[in-house]
Every structure is written in structure tokens, then in C-alpha cells.
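Here the structure is a predicted model, which means the values were calculated and not measured. Letters A, B, ... mirror the listed sequences (proteins, then strands); counts begin at 1.
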Amino acid sequence: MQSATLEFKYNAHDIEPKARAWWNDNHSFRAVEAPGKRKYYCLSMFPYPSGKLHMGHVRNYTIGDALSRYHRMRGYNVMQPMGWDAFGLPAENAAMANGVPPAKWTYDNIAYMKKQLQSLGFAIDWERELATCKPDYYRWNQWLFLRMLEKGLVYKKTGTVNWDPVDQTVLANEQVIDGRGWRTGALVEKREIPMYYMAITKYADELLGALDTLPGWPERVKTMQANWIGKSFGVRFAFPIEWPAAGGSALSSPARGGGVGGGGDNALPDKLWVFTTRADTIMGVTFCAVAAEHPLAAHAAKNNPKLAAFIDECKRGSVIEADMATMEKKGLPTGISVTHPLTGEQIEVWVGNYVLMSYGDGAVMGVPAHDERDFHFAKQYGLPIKQVIDIAGKPFNLDGWQESYADKENGVCVHSGQYDGLRYMEAVDAVAAALKAKDLGEKQVMWRLRDWGISRQRYWGTPIPLIHCGDCGVVPVPDDQLPVVLPEDCVPDGTGNPLNKRADFLDCRCPQCGKQAKRETDTMDTFVDSSWYYTRFACADQKNSMVDARVKYWLPVDQYIGGIEHAILHLLYSRFWTKVMRDLGLVTLDEPFANLLTQGMVLNEIFFRKPAIPPAGATGAAGGGRIVYYNPTEVDITVDASGKRTGVTLRADGQPVESGGIGTMSKSKNNGVDPQSLIEEYGADTARLFMMFASPPEQTLDWSDSGVEGASRFLKRLWSYAYDQQGDIAQVLQGKADGVLVADGWKPGVAAHADFRREIHSVLKQADFDFAKFQFNTVVSAAMKILNAATAFAATKAAGDTERAEQRLLITEATGILLRILAPITPHITHALWQGLGYGKDILAAPWPQADAAALDTDEIELVVQVNGKLRGSLRVAKSADRAEIEKLALANAGVQKHIAGQTVKKVVVVPGRLINVVV
RNA sequence: GCCCGGGUGGUGAAAUUGGUAUACACAUCGGACUUAAAAUCCGACGCUGGGUUAAACCGGCAUACCGGUUCAAGUCCGGUCCCGGGCACCA
């Protein structure tokens, strides 16, 4: 290679566009199916086009790009695609704020963000780009929805939503702030509406079991998913109910009762079903509790205004589980009694706000002695507490709850009649058998996972392909009428779904009878869009089917990269869809993502002002309003003389704002930092280098501006080092083939040169190890070490021509290693230097550097000597030295002698190649 | 509340998975170059005690906190506190 002369100074804004133009001209990142060649499908979670890239995106895509380029240099056929998760709520919010249709807002954002991604030099195959808001994508959501409907995997039932009584609209959980609607300030109500559900619970067992087939997933993610699916083994059983004879009592009329759990429509239930994982404590039941939505509660409330009011109170408020779980535990008796299935005792039934209707049968047995929630509930309402489990060595008293009361591993049944002395499993088996004998229950597996409600009463999403006909009922849209196209010119105003006002969308003919009919206006949860996009990237141009044969070559995704916040929902839904597609014969794989890297979130401080909350009970917008968040760049922080913060004010008006702690950078909290200014000032390589150096990928990253300068300085030093060495390097590379510099096993003739080569290769070995672990921050630090060492080495004077030639050779080797280690992280500068110094025309095509074992070999090793675990000295010994010899040398060591003087040596621990510990 | 992570200098972090704690950087301070500044280069830099004009040097204590296992703990075990993520309609 003939080298061109390098510019004197590093100029990112000159070399970066040139590098990108070169990749573009050479179609460097076009992924082509090549059967037989090792493929590497590297996928970063596609972004929501919120307006502009944020730091989390830069972090995510830099990690993905580094992995793509690294694998490419290691010889893989790499595909790295990109697309847009383009449906969603923020587009509707923007529409309300600016009057722009969500479609236009979204497409504008995509155009801008695409430019930003391109300016960062990511090795993306843009020919595979897709956006989920386009009909040629979402038609396949609709098509698969219909297939699932046919297979019984989609069904209709009611679900609970947040209802804003002022705007008359359904609110997303994030639009509920402190129990009030974010725009109106009105107290949110719960409302039951019909929805469509996907039967993910039919796959619960497989979704749980298959976690064991995913060695490339982080343990923490698998644990979270396993807990979310929540398989528990227990007993489902019934408390028989003996209703008083018809006549006088408040609960007298069976005819007025509602149906319960599979009973007849108008008959009063004759049993209260519950599920428990602690059947061994059944003899300790002192009450039962049902959810406010439980039919028994509704029945009891009919003639009990106080209870009716309490149930109403429970039904108000948010549907968010975290809110439910932190509420004060409250309850009221129903006046209904049930019969204990084993003892025949009468047990009072209560309504408890801590009982979830969505888990099990919406009712629990109350065993206050051995369940913490039951304990507090019983204490509060003066219900009896009966100990039935004894934990050896742990006293039991009723003063306060103790962890040990719930210990099932070490407990033995007491005060439990025939079950006394049995351990947990024995007791569960015996109780289950006794219940079964009475036909009142049996062992059962229970799941925490619930079916996936996909209906959204929103405009900007995939239309659900159903038609409501007065005669035929709900009719699926025939395949040949897909896609049901969403009109793109609606502007939502916050009062319900605008599709309901669009006759051109709404009115249609019934596919079955041809009469006038109405389209369904609910759209799909946007998680549907993101549940299969990774398969579509393999065949984004396919017009006639959802997927095609190319999926077989590219899938599964070899490396998936995305935020830890997606550890459960998105990843679980995607796994579910893959299995559904497999069972429909569309794909052959069981799991979509072979390896998963969950990057930590980029955090920043949150600043806000909170308007006055209206008095309790107020429902109007007056005095209410939403919290206003201010970007960290808009506030000034004042500090006192010692550097401690004294206050935060908004620059615009000088008035104080509150700090909400640190949190993930998000649009809703307005604490994002725009990476654009970083790119514009320093260039893409500096931005990438800084993000990768700041912390390891899986850890959270608290944003701070400092450190960017350091990254930039390193690239400048790299450039000027290369500039200084270009003559020497050119001399060595004259006439050499790409990349091959020094044969393995070659030993320099000068000791100092051997030391230098050993250092370079040992750092290389470390960097390679770190690359394999995806620990890019230490890869960067390895590159810094190589540059530091090489700069110092290049400054040393050689003793003669032979030494000088050897020095040139070593510098050329070290520089080649340095550029290749850095290439995946800072691709532009390394591309420019690789070409400019004459190593070759494309660093991406260069072989990955290998640490040379011969360079690492030494005759002597250094051992550390400790006395009682404290460092007291070190010694150099021949590599071949045996244990006895090392021990002798260690004991003779001056530092050791000083600390063992006058004491007896009890033991000497020798860790080969590392240290010696003398114990006195 | 429940589930999952994290906590190491002034700051971001490293520690080859139980074996020399603080690599590599940032910030700061000092020096060189310069009429000056910026840039660049060189050096110092956990806390604390002894020591000396200053050094060299010699100790002790430090990985959120308390306790345990071990010859040896940032790393393993038990408990506590704080921070972050998720909790099913944000994506």
C-alpha cells in the first residue's frame, strides 16, 4: 500500500463524512444472505421516534455497532438493521399540544432521527428499514391477530381501565398522577370495558421452562421473567356456603343473588373458592377475604349500604398494582359465613382491599398466624389468630409479625389435629387428599401471569380488524380486505378516540351479510408491533407474506441489545409471539433472541414544578393541572462556599424549581440531554468513545458532561502520534500485504524491546478478553495504555541501525493492533488512519489481532509476600522455582523477617504464580 | 408493598471472578513552553499518624453500614440503610 500524507491535526468534521461516504460507496453494510457463512444478526431495540435521539439511544446503538463491527472483523456475515417503533401515545400528546396529526409528527421525527443515526456512523443496512405505522407492516399484525382469533388465542372479555370522568376518556397508567387525570386533575375512576386478550397464559409453562434454554441471557432477566410468570404449586379448594332459609334475613333471597364462579346465572353460589400455596396452614384459618369486585361482595352489599360504599371506594382510584399494594389495608365484614371444609367451623367472610381479583379466584383464606398480610389485617380488625405451625427454636407470640412465622421449610404442624407433626409437603399432600375425598378441592398449579389485553381506546395504533354487524355480531375482516388502513390525518383532542368521529373509517359493509356495519375503533397495544419486528427485518421487502425463507437464514437474533427496562414485558411478549408464529408454521425457531445484553439506563436529575392540587373531591379542572418538568439545561444550581447545593432555579424566571431525584432520561420527565450538540462539537467518534468509556454497558450511567474532553483529547493524541510515526510505519509497510506484520513467535533482539512487545501483547490479550465480555470501558482503557506505551517507546533512542529497524517494526505492529482494537468503537478515525498510514484500504476487512504467546513468555515472575494477609514485600523467582524454594525465599525476605520476628510460623500458603502468605 | 439490580478516592470507574484495592481517565494543584492566554507536554493526587529543612522512608485505617466464614473478602454468607429499574395502558 502506498500511504497518503496525514493532515497535521485531527479534524473529525473532515474525516468522518469521508469515512461514511467510503462505506456508502462500497455498500459496506449491506447484508446479503450467504448460506454456509457464519452469520451474526445484531439487533438493537428499535427506537420510538420521539423527536430526537437521546443519550440512551446513543449508548444502545454504539454498543450494538461495536458488536457488529467486532464480529465482522472476526469473519462473520453481519446484519445490523434499524427501524421505527412508530405507533404510540406521545404522537397523540404532541398532536394535542401542536395540532399536528400524529402521522406527520412521526414521519418528521423519523426523518430527523435517521439523519442523526447516520451521522453517528452506525454500520446499519438501511435497505431493511421499516416503520410499524406503515400499512405494509401493520397489516401483518392484523393478519396474525385473525389467525390467533381462529385458533382461540384471541378472545373477548371485560377489563379494567382508568377513566377520566371530565375528558370522558380512558387514561394510560402514566397519565394518572396521584390518582388524578393528568390534564383535568379529576379523580380517576375504574371502568370495566370489553377488550380483546391474547392467551399468553396458554404458553406460560413453555415460556417458563424455555428460560433454561437461554444461556446467553443475563440471569437477572431470566429470574425476573420467571417471577413474573410466577408458577406456584398449591391447592384450590372451596368453603361450602350454607345460606339461611328464605325469609327474614338480609341475605335471604337466593333469587336476588348474582352468579359466582361458574354457578348458574341467578343462583346464589354454594361455595367460596380460594387458592393457597400454604394448605399446610388450613387448620389456622380464622377468616376469609374476597376482593371488592368479587360477586359475593356484590351480593352482600345489596342490603348493606356501608359495605356498598366501601366497595365503591375500593373501585375508585387507579388500577396500578404498585398503588394497590401500598394502600392502607382496609376491610369490612360481609355478614356471610362459610363452612371450613375440614373442621366444619363457621368462618366469617370479609371484603379486603388487599385481595386481587386478577389472581386466582379473587378470594383468599385468612391465616393470620402464618401470612404477613393476613396478620396485619387480623390485628387491625381484632380477628382471632391461631398458630398451627411451629418453627423449632423460634418463639411465637402475637405482639408483632416475625419473618419466621411464614417459614415453610422448617415448620411442623401443631394444633392441627391429625396433621400434627407433619412437615410442609407432607401436610399439603394430606390436606389436599382430605379435600379431594370431600370433593372440595385438589392440588393445582397457579400462574401469576395474566392474559395480555391488547385493546387500546386510542387512535395512533394498528386498527383491530373486526367489524360489528347488527345481525352477525363481531365479524373478522377477510384476509383479502387487509390491511384495515388507519387514516393519517386525524388530530386527537384528548376526549376519546377520534376514529369514532370518522364516518369514512367507521362505516363499512358486513363481510358476511353485506349490510351496513361499523368498524371496531380500538387499536392494538404497541407491544404487538414490537413483538415480531425482528423477523420482518430478514424480509422487509416481502409484499405477499408476513415472513419468508430468509428468516430461516438470519434468525434467531444472535445478539439483542436494549434497555433493562424491557426485561419483562417486551421480551416476554416477543418470546410469546415467536412461539405462536412457530405453531402457525411461519417460523421454525422456539426462541427469538439467542443472546441478550441489557444495557443500564442513562439517568439524569429531574426538575419540576407542581401546581396546587385541588381539594379532595373536586373533579373539575380548576386549580388542577399537570406537573411541569424542566430540562436540566434550563435550570441553574446555586451552591454555597463549601460546594454544597443551596437551591435550584429556573433560568427563565429565576424562581425555584424542585428536584425529583435522578431518574431515567425520558421525554415525560424532560430530563434528557441532546447528544446532537456533542456530535456537532466533537464528532461522532468522541461521542461514541465517551459513552463506551464512561461505564460498563450493563450498569446505569449517571449523566455528566465532564469526561467528554478527555475522550476528545485521546483521539487528538492518537492522531498526532500517528502523524509522527507515519514515516517509520510507511517504511515497514512498503510492499507488505494487508494486516500481516510480524510472524508469531518472533522475539526482539533487545531486552527493552521484548518488554515493550510483552506489554503490548498482554494489553491486547486483556482487551480481547474484555471484548468477549462486552466490557468496552476497559477495552478503551487498554487502547489508552497501548497509546501511552507506544508514545513512550517511540521517544526512546535506538542504539544503532539494527535496533532502529526493530523499533520501527514494533511501532508498526503496536499501532496496527491499537487501530484494530479501537475500530469497533471509533470507526471513523481508525478507518482514516488505517488507510492513511498504509495498512490497507479497509480496516473492517483486516484480521482481528491475536496476542502472541511467545511475546508474553517470561523467565522470571514476581510474587507478592504477605504476613497474615498483609502485604510485606515481593520477590522475583525463576518461573521453574518449586514450592520449597519459594517458601525459603519468602521467609528470608527482609519485609517478612521484620514482621515475623519473635513469632512462630504456623503455616505458609503458596498460590502458584501469585503470592505467598505467611501465617504467624 | 412485591420482584430484579447497584453502592469502591473530589468524579466516572478498574480489580483476569476468593489472592498486591484504587488500573485507565476526569477534575484539581504544581511545573515546562508562551509577551500572555488557549492548546500541548511533564509531574503530584484515598484518608491519617510518625519521620525529615524537604525528600527517601516506616506505620495504621479505608470498597454504604453491622456481623460471620477463610491463611486471605470489594468479591462468599446473614442482617440493615440508601439509590435505580419493573409492577401488566409510557416505550
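The pairing partner recorded for B/U52 is none, the criterion being a Watson-Crick or G-U wobble arrangement whose two distances lie under 3.5 angstrom. Across every strand in view, B/G18 sits unpaired, with no contact that passes the Watson-Crick or G-U test at under 3.5 angstrom. In a base pair of the Watson-Crick type (N1 to N3 plus N6-O4 or O6-N4) or a G-U wobble (N1-O2 and O6-N3), with each distance short of 3.5 Å, B/G5 is matched with B/C83.
Between A/Y48 and A/F87, the gap from one ring centroid to the other reaches at least 6.0 Å. Aromatic rings from A/Y197 and A/W452 are positioned such that their centres are separated by 6.0 Å or more.
Among the atoms of the strands shown, none is found under 4.0 Å from any heavy atom of A/K765. Residue contacts shown for A/Q175 are absent, as no nucleic acid heavy atom lies under 4.0 Å away. Note on A/P696: only backbone sugar-phosphate atoms sit closer than 4.0 angstrom, heavy atoms only; bases stay farther off. When heavy atoms are screened at a 4.0 angstrom cut-off, A/A567 is found touching no nucleic acid atom at all. Using a 4.0 Å heavy-atom distance criterion, A/T326 is classed as a base contact. At a threshold of 4.0 angstrom between heavy atoms, the contacts of A/K898 are confined to the sugar-phosphate backbone, with no base atom among them.
Residue A/N917 has its side chain nearest to B/G19 when only B/G19, B/G86, B/A91 are considered. Comparing B/U16, B/A13, B/A91 by their nearest atom to the side chain of A/L569 picks out B/A91. With distances taken from any side-chain atom of A/N173 to the nucleotides B/A15, B/G12, B/C90, the minimum falls on B/C90. Out of B/C24, B/C89, B/G86, the shortest distance to the side chain of A/F693 is found at B/C24. The side chain of A/R914 sits closest to B/U16 out of B/C89, B/C24, B/U16. Counting only heavy atoms from C-beta on, A/Q775 has its side chain closest to B/A14 among B/A91, B/G59, B/A14. For A/Y48, the side-chain atoms get nearest to B/A91 when compared with the rest of B/A27, B/C89, B/A91.
One finds the CE atom of A/M784 at 5.5 Å from the CZ atom of A/F714 (value rounded to the nearest 0.5 Å).
Taking only distance into account, the side chain of A/E174 never meets the base of B/C89 through a donor-acceptor pair shorter than 3.5 Å.
Across every non-hydrogen atom of A/A204 and A/L449, the tightest pair is CB-CD2, 4.0 Å. Contact record, A/L715 with A/T686: CD1-OG1, 3.5 Å, taken as the closest heavy-atom pair.
For the pairing with A/R872, the side chain to side chain contact (heavy atoms under 4.5 Å, CB included) check across A/N893, A/V867, A/V865, A/V864 returns one residue only, A/V867.
Under the 30°/60° scheme for interplanar angles, the aromatic rings of A/F8 and A/Y723 are found to stand perpendicular. Classification of the A/F774-A/F776 ring pair by plane angle, with boundaries at 30° and 60°, yields parallel.
Between the side chains of A/W703 and A/N671, no donor-acceptor pair is found at a separation under 3.5 Å. No side-chain donor from either of A/D85 and A/S530 sits under 3.5 Å from a side-chain acceptor of the other.
Annotated as syn: B/U17, whose O4'-C1'-N torsion sits within 90° of 0. Look at B/G9: its glycosidic torsion is within 90° of 0, and that puts it in the syn range. In B/A72 the base sits anti relative to the sugar, since the glycosidic angle is further than 90° from 0.
Rounded to a whole Å, the CD1 atom of A/I229 is 17 Å from the P atom of B/C3. Remark: P of B/C3 and CG of A/N227 are 8 Å apart, rounded to the nearest angstrom. Distance A/I320 CD1 to B/G86 C1': 13 Å, rounded to the nearest Å. Atom CG in A/N93 sits about 9 Å away from atom C1' in B/C90, given to the nearest Å. Between A/L787 atom CG and B/C24 atom C1' the separation is 12 Å, expressed in whole Å. If you take CG of A/L449 and C1' of B/C87, they are 13 Å apart, rounded to a whole angstrom.
Here the separation of B/U8 from B/G74, taken at their C1' atoms, is 7 Å to the nearest Å.
If A/G710 and A/L701 are placed on RNA chain B by their nearest nucleotide, the residue sitting closer to the 5' end is A/L701. Looking at which nucleotide of RNA chain B each of A/K716 and A/G88 is closest to, the 5′-most match is held by A/K716.
OP1 and OP2 of B/A88 both lie 4.0 Å or more from every side-chain N or O belonging to A/R450. For B/G59, the OP1/OP2 oxygens have a side-chain nitrogen or oxygen of A/H899 closer than 4.0 Å.
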Between N or O atoms, less than 3.5 Å apart, protein on one side and nucleotides 73-84 of chain B on the other: list the pairs.
from: B/G84; atom 1: OP1; to: A/I662; atom 2: O; distance (Å): 3.0

